[in-house]
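Quantities reported herein were computed from a predicted structural model and do not represent experimental measurements. What you see below is based on every heavy atom in this structure, not just the backbone, and it leaves out hydrogens, waters and symmetry mates. So you know, we letter chains A, B, ... as the sequences are listed, proteins then strands, and number each from 1.
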Amino acid sequence: MAVKVLIPTPLQKLTDGKDVVEAPAGKIIDIINALDKKYPGLAERLCQDGKIRRFINVYLNEEDIRFLQGEETLVKDGDEVSIVPAIAGGNF
Amino acid sequence: MDFLRYARQMLIDGWGEQGQKKLKNSTVFIAGAGGLGSPVSIYLAVAGVGKIIICDFDSVEVTNLNRQILHSHTRIGINKALSAKITLTAINPDVEVIPITSKITSENAFELIGDSQIIMDCMDNLETRYILNEVAIKKSIPLVFGAIYGIQGMLSFIQPPETPCLKCLFPEAPPKETFPVVGATPGVIGALQALEAIKYLVGIGKLLKNKLLVWDGMSCDFKTFKAQKDPSCIVCGK
């Protein structure tokens, strides 16, 4: 069993078009780094200086990790991680 | 008041004549007459909202027409708020439509929003959305946030202090880009935004408070995440 990570559309170019990828359980930051090895460039899009960019929300199941332990939040087997970038659009 | 036009919606539990009168006596501020502003304003107008203030400084362009259903090819070059008034008045002459052709700024937003009971955030950039967020807090009125990208979108009902504010939810704007979009996408999110406003104004149902709804049209999946107040938020934190 592993952790499911949901990839938003703009980042699916980096994950060979996959909207869901799997990673071993662990801290959020370790999961991102593990995925970056398989899908190079992903960590850079999500993080800056080891911190998740402020316009990207990451949810562990339904919880925003900023209100858990941030990048250090522990993800267990069977959990689901969702990456939700802020989107600005509507009008233009 | 002629209720015949609204007879079918008045059958909804908790709506009735009272609910319809509440809508008639309501004023809604719609920020943006584009992709989201189109379905939002059309559904609020046909539902019988008494007064719609719709604000957009931009003019209709041919590349808008795949999604901005308020406008048509005959309106190219016309200001979008003025075009919106023509469309909305035609589909429901009961509604008073006030078009505003100014750009929303931190200087004018408070005055433009006036005595509106709710703000519909249909903007294309987070900077202006943050201005609307601050005015909503100052006026103690809710803001219905909606945003789209490609075949996905999100929304939330923002009403601090009961809910987080938009800055708690998204503390920073993403880099600017011309994003992909198909007309049905703002159709989905805009219809949900309009329904949240209608529920609030009529006083029925549960509102999307303290939640962020994320819709992925590629997989036809709706997900709901918890939206939390940030105690250190520079806008609503104490």
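Counting heavy-atom neighbours within 6.0 Å of B:K211 NZ, excluding the residue itself, gives a total of 12 or less. For A:K4, the NZ atom sits in a loose shell: 12 or fewer heavy atoms of surrounding residues, nucleotides or ligands are nearer than 6.0 Å. For B:K209, the NZ atom sits in a packed shell: over 12 heavy atoms of surrounding residues, nucleotides or ligands are nearer than 6.0 Å. Applying the 6.0 Å contact sphere to CD of A:E44 captures no more than 12 heavy atoms from other residues, nucleotides or ligands.
Nearest heavy atoms, A:I87 versus B:A147: O-CB, 3.3 Å. Among all heavy-atom pairs drawn from A:A86 and B:P174, the shortest one is O-CG, 3.4 Å. Nearest approach of A:F55 to B:P175, heavy atoms of both residues: CZ-CD, 3.6 Å. The heavy-atom pair separating B:K229 from A:F67 by the smallest distance is O-CE2, 3.5 Å.
B:T128 does not touch chain A: none of its heavy atoms, backbone or side chain, sits under 4.5 Å away. For chain B, the nearby part of A:R66 is the side chain; its heavy atoms alone come within less than 4.5 Å. Neither the backbone nor the side chain of A:Q12 comes within contact range of chain B, judged by heavy atoms closer than 4.5 Å. With a threshold of 4.5 angstrom between heavy atoms, A:L6 approaches chain B through side-chain atoms but not through N, CA, C or O.
Your options are A:P10, A:S82, A:P85, and the one with the most heavy-atom pairs under 4.5 Å with chain B is A:P10. Highest contact tally toward chain B, considering only A:I56, A:T9, A:D64, is held by A:T9 [criterion: heavy-atom pairs under 4.5 Å]. Ranked by heavy-atom pairs shorter than 4.5 Å toward chain A, the options B:D216, B:I151, B:L169 are led by B:L169.
With respect to A:E62 and B:K226, no salt bridge is recorded, no charged nitrogen being found less than 4.0 Å from a carboxylate O.
A:V84 is listed as a side-chain neighbour of B:M154, based on a closest heavy-atom distance under 4.5 Å.
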